Amino acid sequence: MKAVSGKLKYLRTLPSSVSRFHSLTPLASHAQPKNSSSSTLLGEFVNFCYQRDLPRAMKAMAVMERHGVYADSLTYSELIKCCLARNAVEQGKLVHKHVFSNGHQPKTFLVNILINMYVKFSLLEQARALFDQMPERNVVSWTTMISAYANAKLSVRALEFLVLMLREGVLPNMYTFSSVLRACDGLVNLRQLHCGIIKVGLESDVFVRSALIDVYSKLDKLKDAVCVFNEMETRDYVVWNSIIGGLAQNSDGDEALNQFKMMKRAGFSADQSTLTSVLRACTGLALLEVGRQVHVHVLKFNVDLILNNALLDMYCKCGSLEDAKSVFERMVDRDVISWSTMIAGLAQNGYSREALKFFDLMKASGVKPNYITILGVLFACSHAGLVDDGWYYFQSMKRLYGIDPGREHYGCIIDLLGRAGKLDEAVKLIHEMKCEPDAVTWRTLLGACRVHRNVDLAIYAAKQVLKLDPEDSGTYVLLSNIYANSQRWEDVSEIRRAMRHRGIAKEPGCSWIEVNKQIHAFILGDTAHPKINEINRGLNQLIHKLMGIGYVPETDFVLQDLEGEQRDDSLRYHSEKLAIVFGLMSLSTGSAIRIRKNLRICGDCHNFAKLVAKMECRLIVIRDPIRYHHFQNGVCSCGDYW
DNA sequence: GTAGGGTTAG
């Protein structure tokens, strides 16, 4: 065996030169390396690497190591790519050992690739060890580590590495910033980073911009996100997706849909991410018909799980469970989110038994429930008044599924006990909670007090709500009504004073209905709708007809008007009543009337909707901020508890 | 060789 000449070591072989080695006999397992020349050995190895023949390349590499033969960095990078593609962790480690085995320090380029390999194998410690040993680290070395930490949600470490990098005098590039932005979980850091980006002149990079848009919207700074978006001269489809996603996730569905139109106008077509966000916007706005239109485009991506989950949720939240079930049945894959969406969707829409059946099916299919799944299950129990089942699931969730009950789970049980009239037990549970009750917890109890007309406890619960959420106008109104009903005028004026002092005004009730893919909004006392006179006439006639079958407009609203619209002459014109009449006028006979509201539905409107549904033989679905009400044949799916 | 966007509750 001839000694290997220095020239041969780290011979630079470009991919275009691969053909040079094609004529060489491949290194068979029985080949005698002793008879092979160094160049033949190397040639075969290079060939195997570029052919992505991992087993043979690994064998050849072992032989080379025994003979002190080494290839060039580019060939090793091909081999590492091959290990990554095959998820061959052990082989990857051998390559690492091999390139360091001749006592030479490999090129920075190659070490960066090895670090990246460990990162992709989720072996962060190995990546870090390799990084620490490097005599020289360039921007790629630093960015690879920063990106790894950002992916692993180790935000502090990612930011720390940026600082260390700057201290070492390495200038971050657009890759560094788009990586580190993902690790940014505070506004102060974000503002600093944004300044840094502008300072080094990278603010026009599309990757950096889309990351900025994303982080600003995740930190609830939508205005800043929109600002970054508007300042852009060139936008690509990811930038569009970032802004549409940001808007949809921040409950600005209108603007998300608007930007989606602009995106199409700018010549970009929607991909899975775009459609997911558009569906989320439809979900928030309860736009069933627009959602159905989007569904047609979703069919192109029928194996995309996230997109299908968003579609499921859209149908559930728009109150069309038949569509949701049909999508669910056709899905190729279903994960815990698909099942949880169905369980919560069925429960919220009043199909508790079916929700629990889905939970059994989910377990049978081997999918493990998570925190949110159990919430849906408990919600289903509380909705159907299944006190024992609810308790069972609540008390066994830790043991069976390893999930600690959180505030929301307690909330479901408080609701369950409250619905069953067990108010004392509900209060006891609040005091026994392992986590601090919040405004939502107390509001849940307040809801139960409203249903069971427990004035003293309602006052107590309302005070607790206001301690934790002093801006909650609905609770002020409710408390003031309770005091008024008990002739406690001093307390009434105290509440009004507090409201004035804090600048809290009652939010006007608003209902939305979708007709011909257009949203029609009705606001209490608002006469802006072009057909308002016709609607008012229709409403008066309808009320007259309903009174004939026993409708008595309610006047006693204390403890009924939980966050609902005002109790006065305008009661007759509550926004959902206007929306129902408009629905009757505009939608074809027999089609469902679907309405979304910003406030809880009041007792009178609830009664009104039940009777209209019966008299007109219509399904009326009203989604308030908490619950869904399906009115059919004179009854509501909520069982008159909300 | 290093980078950006999407799903369940509240």
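So you know, we letter chains A, B, ... as the sequences are listed, proteins then strands, and number each from 1. Since the structure is predicted, the reported quantities are computational estimates derived from the model, not experimental observations.
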Chemist: Assign A:Val208 to base, sugar-phosphate, or nothing according to its heavy-atom contacts below 4.0 angstrom with the strands shown.
Modeler: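 A:Val208: no heavy atom of the nucleic acid under 4.0 Å.
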Chemist: Would one find a side-chain N or O of A:Gln249 under 4.0 angstrom from OP1 or OP2 of B:dT8?
Modeler: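 For B:dT8, OP1/OP2 do not have a side-chain N/O of A:Gln249 under 4.0 Å.
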Chemist: Assign the ring pair A:Phe131 / A:Phe161 to parallel, tilted or perpendicular, where the plane angle (0 to 90°) is split at 30° and 60°.
Modeler: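 Geometry flag for A:Phe161 against A:Phe131: tilted rings.
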Chemist: Please tell me which of the listed nucleotides, B:dG6, B:dA3, B:dG4, lies nearest to the side chain of A:Met174?
Modeler: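 From the listed options, B:dA3 comes nearest.
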Chemist: According to side chain to side chain contact (heavy atoms under 4.5 Å, CB included), who are the partners of A:Asn258, at least two apart in sequence or on a separate chain?
Modeler: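 Expected list: A:Glu255.
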Chemist: Does A:Ser179 contact B:dA3 through a side-chain donor or acceptor facing the base, at a distance under 3.5 Å?
Modeler: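 Result: no qualifying N/O pair found.
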Chemist: Side-chain N or O of A:Ser147 less than 4.0 angstrom from OP1 or OP2 on B:dA3?
Modeler: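 For B:dA3, OP1/OP2 do have a side-chain N/O of A:Ser147 under 4.0 Å.
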Chemist: Check every atom of B:dT8, B:dT7, B:dT2 against the side chain of A:Ile306 and return the nucleotide holding the closest atom.
Modeler: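 For A:Ile306, the side-chain atoms sit closest to B:dT7.
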Chemist: Under 4.0 angstrom, heavy atoms only, what part of the nucleic acid is A:Ser277 near: base, sugar-phosphate, or nothing?
Modeler: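 Sugar-phosphate only.
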Chemist: Verify the contact: side-chain N or O of A:Lys218 to OP1 or OP2 of B:dG4, cut-off strictly under 4.0 Å; return yes or no.
Modeler: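 So the side chain of A:Lys218 is outside the cut-off, no N or O lying under 4.0 Å from OP1 or OP2 of B:dG4.
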Chemist: Assess whether one donor atom and one acceptor atom, taken from the side chain of A:Asp236 and the base of B:dG4, lie less than 3.5 Å apart.
Modeler: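 Per atom types, the contact qualifies.
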Chemist: Side chain of A:Asp205 only, heavy atoms from C-beta on: which candidate in B:dA9, B:dA3, B:dG6 is closest?
Modeler: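 Of the candidates, B:dA3 comes closest.
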Chemist: Counting only non-hydrogen atoms, which of residues 257-276 of chain A are less than 4.0 Å from DNA chain B?
Modeler: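 Output list: A:Asp271, A:Gln272, A:Ser273, A:Thr276.
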Chemist: Relative to the ring of A:Phe379, is the ring of A:His383 parallel (under 30°), tilted (30 to 60°) or perpendicular (over 60°)?
Modeler: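 Ring orientation, 0 to 90° scale: tilted.
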Chemist: Can you name the nearest heavy-atom pair linking A:Thr341 to A:Cys316, along with the distance?
Modeler: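 Closest heavy-atom pair between A:Thr341 and A:Cys316: O-SG, 4.0 Å.
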Chemist: Of all heavy-atom pairs between A:Phe121 and A:Cys83, which one has the smallest distance, and what is that distance?
Modeler: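 Looking at all heavy atoms of both residues, the closest pair is CZ-O, 3.8 Å.
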Chemist: Return the minimal non-hydrogen interatomic distance between A:Asp333 and A:Leu305, and the atom names on each side.
Modeler: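 Answer, listing the atom of A:Asp333 first, then A:Leu305: O-CD1, 3.3 Å.
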Chemist: With a 4.0 Å cut-off on heavy atoms, is A:Thr373 in touch with a base, just the backbone sugar-phosphate, or nothing at all?
Modeler: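 Result for A:Thr373 = nothing.
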Chemist: Do A:Ser210 and B:dG4 share a donor-acceptor pair, side chain to base, under 3.5 Å?
Modeler: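 Answer yes: a donor N or O sits under 3.5 Å from an acceptor.
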Chemist: Counting side-chain heavy atoms from CB outward, which of B:dA3, B:dT8, B:dG10 is closest to A:Glu408?
Modeler: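 Out of B:dA3, B:dT8, B:dG10, the nucleotide with an atom closest to A:Glu408's side chain is B:dG10.
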Chemist: Between B:dA3, B:dA9, B:dT2, which one does the side chain of A:Ile372 approach most closely?
Modeler: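 Nearest nucleotide to the side chain: B:dA9.
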Chemist: Can the ring centres of A:Phe260 and A:Trp240 be said to be less than 6.0 Å apart?
Modeler: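 No, the ring of A:Phe260 stays outside the 6.0 Å limit from the ring of A:Trp240, centre to centre.
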Chemist: Which one, B:dT2, B:dT8, B:dG10, comes nearest to the side chain of A:Asp313?
Modeler: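 My answer, after comparing the listed nucleotides, is B:dT8.
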Chemist: Under 4.0 Å from OP1 or OP2 of B:dT7: is there any side-chain N or O of A:Arg280 that close?
Modeler: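 Yes, such a contact exists.
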Chemist: Tell me what A:Tyr237 touches on the nucleic acid: a base, only sugar-phosphate, or nothing, going by heavy atoms under 4.0 Å.
Modeler: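 Contact class for A:Tyr237: base.
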Chemist: Is A:Arg209 close enough to B:dG4 that one of its side-chain N or O atoms is under 4.0 Å from OP1 or OP2 there?
Modeler: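 For B:dG4, neither OP1 nor OP2 has a side-chain N or O of A:Arg209 closer than 4.0 Å.
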Chemist: Take A:His98 and A:Tyr76 through the test ring pair (Phe, Tyr, Trp, His ring centres under 6.0 Å) and record every step on the way to the result.
Modeler: CA-CA 10 Å; A:His98 170 80; A:Tyr76 288 121; 5.3 Å; yes
